[in-house]
**Q** 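The following block contains the structure, expressed as structure tokens.
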Amino acid sequence: MKVLMVDVDGVLVHGRPSDGLHLFTDLERDLGLSRELIQKEFFQTHWGNIVTGREDLEPRLASVLAKIAPGLSAATLIDYWFENDSRLDRTLLADLAALRATGIPIYLATNQEHRRAAYLMDKLGLSSYVDGIFYSAMLGYQKPAPEFFRLSTERVGIEPSQIAFIDDYPANIEAARQFGWKAMHWAPGSRLEDALAAFSL
């Protein structure tokens, strides 16, 4: 292993800062918007284009909210969303910092649109722990598409077999392995030391 790739949501970030629950748990109470409605009208309909960089988040969200929640601005919902999806796994961050100190570069490999990718790196400070980020809106493809892994590999500039990867989604693990990465499924209670031991086999 010469490089470690790390997924974000479900690995490094786990929901609301206060309790780890889903970011939209209290959406209707807090902003008057049904969680089911925003899923149906926005995420199920438009998210695929946004997360692969084909559409921008705020204009599309604004057009949807104009129909389903005209009193709610896109900016307000985006702020609420990002702030409520930002609970960091501090144990894993410490372990990543220790690994990086040994000379192993670490990159985020994640399905994100441009705004949240910047938020993760800058506002949450993940840029202090990693050497860079490969994300779906930047690459034009989202995991588990083979192109995501191909483009990430090309940009890091090493052979696929030298890349290790942790992710909480089994389909992403399988796709990474098919491309030649060493990959381990990250589950609650997983530790980086166990993943590193598996990668060294």
**Q** Does any N or O in the side chain of Lys143 come within less than 3.5 Å of the main-chain N or O of Ala175, such that one atom is a donor and the other an acceptor?
**A** no

**Q** Using side-chain contact (heavy atoms from CB on, under 4.5 Å) as the criterion, point out the one residue from Arg16, His14, Arg116, His22 that pairs with Asp85.
**A**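 Only one of Arg16, His14, Arg116, His22 forms a side-chain contact (heavy atoms from CB on, under 4.5 Å) with Asp85, namely Arg116.
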
**Q** Is it possible for you to say whether Leu21 and Leu23 belong to one hydrophobic cluster, with membership spreading through side-chain heavy-atom contacts below 4.5 Å?
**A**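 Not linked; separate clusters.
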
**Q** Quick check: Trp181 with Tyr107 (ring centres under 6.0 Å apart)?
**A**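 No, ring centres 6.0 Å or more apart.
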
**Q** What orientation do Phe165 and Phe149 show, parallel under 30°, tilted 30 to 60°, or perpendicular over 60°?
**A** perpendicular

**Q** Does the side chain of Glu159 pick up a donor-acceptor pair with the side chain of Ser161 at under 3.5 Å?
**A**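 Side chains of Glu159 and Ser161: no pair found under 3.5 Å.
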
**Q** In the single-linkage hydrophobic clustering (I, L, V, M, F, W, Y; side-chain heavy atoms under 4.5 Å), do Tyr169 and Leu92 co-cluster?
**A**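 Different clusters.
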
**Q** Checking the side chain of Ser136 only, and the main-chain atoms of Gln112 only, is there a donor and an acceptor separated by less than 3.5 Å?
**A**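 Present.
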
**Q** Has the side chain of Lys182 got a donor or acceptor atom that lies under 3.5 Å from a matching backbone atom of Phe199?
**A** yes

**Q** Would you check if the side chain of Arg35 reaches a backbone N or O of Glu28 as a donor-acceptor pair within less than 3.5 Å?
**A**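 No: the side chain of Arg35 does not pair with the backbone of Glu28.
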
**Q** Decide, yes or no, whether a salt bridge links Arg191 with Asp194 under the criterion of side-chain N to carboxylate O below 4.0 Å.
**A**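 Result for this pair is no, no salt bridge flagged.
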
**Q** When you measure from the side chain of Asp89 to the backbone of Thr91, do you find a donor-acceptor pair of N or O atoms at a distance under 3.5 Å?
**A** yes

**Q** Given 3.5 Å as the limit, does a donor-acceptor pair link the side chain of Asp131 with the main chain of Ile106, or not?
**A** yes

**Q** What's the shortest heavy-atom distance between His46 and Glu41, and which atoms?
**A**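 So the two residues come closest at CD2-O, 3.4 Å.
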
